[in-house]
Asks: 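Pasting a structure below so you can have a look.
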Amino acid sequence: GAIQAAANTLSIQTPVYGWQSVTNAAATPGSPVETDAVLRLRQSNSVALPSQTVFDGIVAQLAAVSGVTRVQGYENDTNAADANGVPAHNLAFVVEGGAQADIVNALGLKVPPGIPTFGATSAQYTSANGTIKTVNYAVPTETAITVALTLKSSTGWSTAIESVIAQAIVDYILALPIGKNVSYTELFIPAYSALSQYPGTYTITSMTVNAGTADVAIAYNAAPTATLAGVTFTVS
């Protein structure tokens, strides 16, 4: 797991005859079996599956499709197209990941008869009794997020901490919902999260997100993405 063990910090906890001392090199932390963000998403999906609201149930069904990483649904129950361009009385679903056939099958099973769906991806669904209907959904475009941090290091700092900070930032961004703006101020939370493992080792003196200090707007049918290479550091 993601467990820290600095050099020469391990000790014998259970006495064993003949053992007098123990030394260890600095350990390389592993990866958590499941991040907190992924666990929360999976838990919310499992709770929503048996929901009484049809719309929430459809979103949960899509989220349960193998390979799907993020889902966002929009319901336009008005008599005119909404601000996102979703037509009147339509459901729109933006689905990241998963096979098209599985997504179409999930929509075909869960969307009530007579309710149209909106999206650039279109396919035919055939029910068990042979009825054919067209279902539509959208595959999100990607909005790349880059983060540049300037840090002031303190006692105990090492370059290994950079990878911990970068991973926390990337995990945070990839867990954001489709269509949600990336908050500049909220990104300080994962950026400072490494202090729980390495207390007092650094202070953030400045941060830019996509070369700016403002929130990054994300379209309703787009997903924020990030990579470790997109998180850079200047340390003094």
Asks: Once you round to the nearest 0.5 Å, how far does CG of Leu174 lie from CD of Glu96?
Replies: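 Between atom CG of Leu174 and atom CD of Glu96 there are 8.0 Å.
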Asks: Is it true that a side-chain atom of Asn181 and a backbone atom of Ile218 form a donor plus acceptor pair closer than 3.5 Å?
Replies: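 Flag set: sc Asn181 to bb Ile218 pair under 3.5 Å.
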Asks: When you group the ILVMFWY residues by side-chain heavy-atom contacts below 4.5 Å and let the links chain together, are Phe93 and Ile103 in the same group?
Replies: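 Linked, Ile103 and Phe93 end up in one cluster.
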Asks: Test your reading of the model: is there a side-chain donor-acceptor pair from Asn24 to the backbone of Thr9, 3.5 Å cut-off?
Replies: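 Confirmed, Asn24 side chain pairs with Thr9 backbone.
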Asks: Can any side-chain N or O of Tyr220 pair as donor or acceptor with the backbone N or O of Lys180 at less than 3.5 Å?
Replies: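 Looks like no, no N/O pair under 3.5 Å.
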Asks: Run the numbers on Phe55 and Tyr74 for ring-ring contact (aromatic ring centres under 6.0 Å, His included), then give the verdict.
Replies: CA-CA 9 Å; Phe55 179 78; Tyr74 303 90; 8.4 Å; no
Asks: Does either side chain, that of Asn8 or that of Thr23, offer a donor lying less than 3.5 Å from an acceptor on the other one?
Replies: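 Thr23 and Asn8 do not have a side-chain donor-acceptor pair below 3.5 Å.
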Asks: Do any N or O atoms from the side chain of Asn84 and from the backbone of Asp82 form a donor-acceptor pair under 3.5 angstrom?
Replies: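 Looks like no, no N/O pair under 3.5 Å.
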Asks: Within the structure provided, determine whether Leu91 and Phe118 are in side-chain contact (heavy-atom separation under 4.5 Å).
Replies: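 A side-chain contact is absent here, since even the closest heavy-atom pair is not under 4.5 Å.
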Asks: What distance do Leu176 atom CG and Arg70 atom CZ have between them, rounded to the nearest 0.5 Å?
Replies: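 Taking CG in Leu176 and CZ in Arg70, the distance rounds to 7.0 Å.
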Asks: Kindly indicate whether the side chain of Leu107, heavy atoms from C-beta on, has any atom under 4.5 Å from the side chain of Ile58.
Replies: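 With C-beta onward as the side chain, the pair touches.
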Asks: Please tell me whether Val54 and Val86 are part of a single hydrophobic cluster in this structure, the criterion being side-chain heavy atoms less than 4.5 Å apart.
Replies: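 Result: no, two separate clusters.
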Asks: Taking Asp77 for its side chain and His89 for its backbone only, find out whether a donor-acceptor pair lies under 3.5 Å.
Replies: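 Such a contact is absent between Asp77 side chain and His89 backbone.
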Asks: Report yes if some heavy atom in the side chain of Val111 is under 4.5 Å from a heavy atom in the side chain of Tyr125; otherwise report no.
Replies: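 No. Closest side-chain heavy atoms not under 4.5 Å.
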Asks: Check whether Ile189 and Tyr202 end up in the same hydrophobic cluster, where Ile, Leu, Val, Met, Phe, Trp and Tyr are linked by side-chain heavy atoms less than 4.5 Å apart.
Replies: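 Result: no, two separate clusters.
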Asks: I'd like to know if the side chain of Thr205 reaches the main chain of Thr150, judged simply by a donor and an acceptor atom lying under 3.5 Å from each other, with no hydrogens or angles considered.
Replies: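 Checking the backbone N and O of Thr150 against the side chain of Thr205, a donor-acceptor pair under 3.5 Å is found.
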Asks: Out of Thr117, Thr134, Asn136, which residue meets the side-chain hydrogen bond (donor to acceptor under 3.5 Å, both in side chains) rule with Ser122?
Replies: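 Single pass found, and it is Asn136.
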Asks: Mark yes or no for whether Asn76, through its side chain, and Thr78, through its backbone, hold a donor-acceptor pair below 3.5 Å.
Replies: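 At least one qualifying donor-acceptor pair exists.
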Asks: For the CG atom of Asn210 and the OG1 atom of Thr143, what is their distance to the nearest 0.5 Å?
Replies: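 Asn210 atom CG to Thr143 atom OG1 measures 8.5 Å (nearest 0.5 Å).
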Asks: With a 4.5 Å cut-off on side-chain heavy-atom distances among I, L, V, M, F, W and Y, is there a chain of contacts connecting Leu62 to Ile178?
Replies: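 In one cluster with Leu62: Ile178, no.
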Asks: Does Ser153 use its side chain to pair, donor to acceptor, with the backbone of Trp157 at less than 3.5 Å?
Replies: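 Pair absent, no side-chain N/O of Ser153 close to backbone of Trp157.
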